[in-house]
Number of protein chains: 2
Amino acid sequence: MKLTSKGRYAVMALVDLAKFNDINPVSLRDISLRQGISLDYLEQIFSKLRKKAIVQSVRGNQGGYVLNKKANEIKLTNIFDAVDEKVKTVRCKKESKKGCNGKPTKCLTHNLWDELENHINDFFEKKSLEDLIKDNIERRI
Amino acid sequence: MKLTSKGRYAVMALVDLAKFNDINPVSLRDISLRQGISLDYLEQIFSKLRKKAIVQSVRGNQGGYVLNKKANEIKLTNIFDAVDEKVKTVRCKKESKKGCNGKPTKCLTHNLWDELENHINDFFEKKSLEDLIKDNIERRI
DNA sequence: CAGATACTTGACTAATTTAGTCAGGTTTAT
DNA sequence: ATAAACCTGACTAAATTAGTCAAGTATCTG
């Protein structure tokens, strides 16, 4: 049960973006340097974030990225969803007619994994980018 | 963020075991047939469960496995721990002197991942095998 | 004691996923 | 014009997963 670095990076980069977002857009190059994430990889990640309208891009010289919503409107769920970081506790959901384990019934623990999934998603649903930034400032004091 | 099938199988197999555990020990072969898990794979899993004293083995003809503790004393944590299903939200913990991302400071989101880890582990800590079995019986009625 | 049943161990492997890199663009401010 | 920065898609090495396979050892039952 582990988080992929794509998901982690997406969140890190957005916190960085929100933090340094003043008048000018923030360039991926700067984020790359500050957070130690490869520029190429960041581009992949931001392409997805843009498609899901979480950020907006500003092209050309002195361009970069800007948040497309207020920080308190961006939940972790939205971020993870954008970069395809999904919470998959079970395999056995898609086989339409069969249950899990190839049998007509649901597996003994099917309900458990659903609960777990909800439990984790709750966490993601409650945390917004703003929370993270606040947390970050407090910590520094 | 996903659960491996080793962890899932371990829990499924133990619920099955607890359910059919009357006078005789339960053979892996039976579990394999009922739950649709390969016998060889089950053997690997039960070897680990035995080492962590979650089950006891009974050798010989009509042998099999028995729970080594009461069902309400076996938490999901114990099971996952036994089969090395760990909750790893972050990579950046072991590099003793450095923080995450190779810098001397912690990454912007370090605290978040810790929280997430605790949130998930809470869930595992609270659920016991007994809960699962009860849940299973209720559901059938 | 013979044989079957069932546990035990360890090595091996195919497939998948992850975590990127690389190359070759396009757009736009100055 | 040109440089900074975005944009896209293909590619790949390494790690992990999800098992399989083979060769045992222990012990109950007849």
Side-chain angles (χ1 to χ4, degrees), chain A residues 1-10 12-13 17 23-33 35-52 54-66 68 80 83-92 100-102, chain B residues 1-10 12-13 17 23-33 35-52 54-66 68 80 83-92 100-102:
Chain A
M1 176 121 250
K2 74 174 190 212
L3 204 64
T4 66
S5 70
K6 189 171 275 183
R8 258 187 307 121
Y9 286 169
M12 281 172 64
L17 180 59
I23 305 144
N24 300 313
V26 180
S27 75
L28 292 189
R29 190 162 166 283
D30 286 353
I31 297 180
S32 165
L33 290 173
Q35 303 304 327
I37 304 169
S38 122
L39 180 58
D40 282 319
Y41 206 20
L42 275 177
E43 276 170 358
Q44 268 184 56
I45 292 169
F46 273 78
S47 162
K48 288 173 187 244
L49 292 175
R50 197 179 59 82
K51 277 174 193 154
K52 292 281 179 170
I54 292 172
V55 296
Q56 235 183 334
S57 73
V58 179
R59 306 192 81 162
N61 198 345
Q62 299 301 319
Y65 284 93
V66 191
N68 197 31
F80 282 146
V83 299
D84 304 310
E85 173 84 48
K86 290 197 186 98
V87 179
K88 282 190 294 182
T89 49
V90 208
R91 238 199 208 154
C92 41
C100 332
N101 59 30
Chain B
M1 177 121 249
K2 74 173 189 211
L3 204 64
T4 66
S5 70
K6 189 173 274 185
R8 257 187 308 121
Y9 286 169
M12 280 173 65
L17 180 60
I23 305 144
N24 299 315
V26 181
S27 76
L28 292 189
R29 190 164 166 281
D30 286 352
I31 297 179
S32 164
L33 290 173
Q35 303 305 326
I37 305 169
S38 119
L39 181 58
D40 282 319
Y41 206 22
L42 276 177
E43 278 168 356
Q44 268 184 57
I45 292 169
F46 273 78
S47 162
K48 288 174 187 241
L49 293 174
R50 198 180 57 83
K51 278 176 192 151
K52 293 280 180 171
I54 291 172
V55 295
Q56 237 184 333
S57 72
V58 180
R59 307 193 81 162
N61 198 344
Q62 298 301 318
Y65 284 92
V66 191
N68 198 30
F80 283 147
V83 298
D84 304 310
E85 174 85 46
K86 289 191 189 105
V87 178
K88 282 191 293 182
T89 48
V90 209
R91 237 200 210 154
C92 42
C100 331
N101 59 30

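Of the side-chain N and O atoms in S5(B), one or more sit less than 4.0 angstrom from OP1 or OP2 of dA18(D).
One interatomic measurement links the two molecules: OH of Y41(B) to C1' of dA15(C), which rounds to 13 Å at whole-angstrom precision. With rounding to whole Å, K88(B) atom NZ is found 9 Å from dT16(D) atom C1'. Summarising the geometry, the separation between OH on Y9(B) and C1' on dT20(D) is reported as 13 Å, rounded to the nearest angstrom. Atom C1' of nucleotide dT17(C) and atom NZ of K2(B) are separated by 6 Å, given to the nearest angstrom. The distance between atom CD of Q56(B) and atom C1' of dA6(C), rounded to the nearest whole Å, is 16 Å. Rounded to whole Å, the distance from CG on N24(B) to P on dC7(C) is 13 Å. Between the CG atom of D84(A) and the P atom of dA19(C) there is a distance of 13 Å, rounded to whole Å. For the pair K6(B) NZ and dT16(C) C1', the computed distance is 16 Å after rounding to whole Å.
Residues passing the salt bridge (Lys or Arg N to Asp or Glu O under 4.0 Å) test with K2(A), sequence neighbours excluded: none. Every residue meeting the side chain to side chain contact (heavy atoms under 4.5 Å, CB included) condition with Q44(A), not counting sequence neighbours, appears here in chain and number order: K6(A), Y41(A). Applying the salt bridge (Lys or Arg N to Asp or Glu O under 4.0 Å) criterion to K88(A), with sequence neighbours excluded, gives no partner residue. Every residue meeting the side chain to side chain donor-acceptor pair (under 3.5 Å) condition with T4(A), not counting sequence neighbours, appears here in chain and number order: E85(A). Scored by the salt bridge (Lys or Arg N to Asp or Glu O under 4.0 Å) test, D84(A) finds K48(A) as partners (sequence neighbours excluded).
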Nucleotides 5-11 of chain D: protein proximity per nucleotide (B base, S sugar-phosphate only, - neither; heavy atom, under 4.0 Å):
SBBB-B-

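Distance NZ/K86(B) to CE/M1(A): 15.0 Å, rounded to 0.5 Å.
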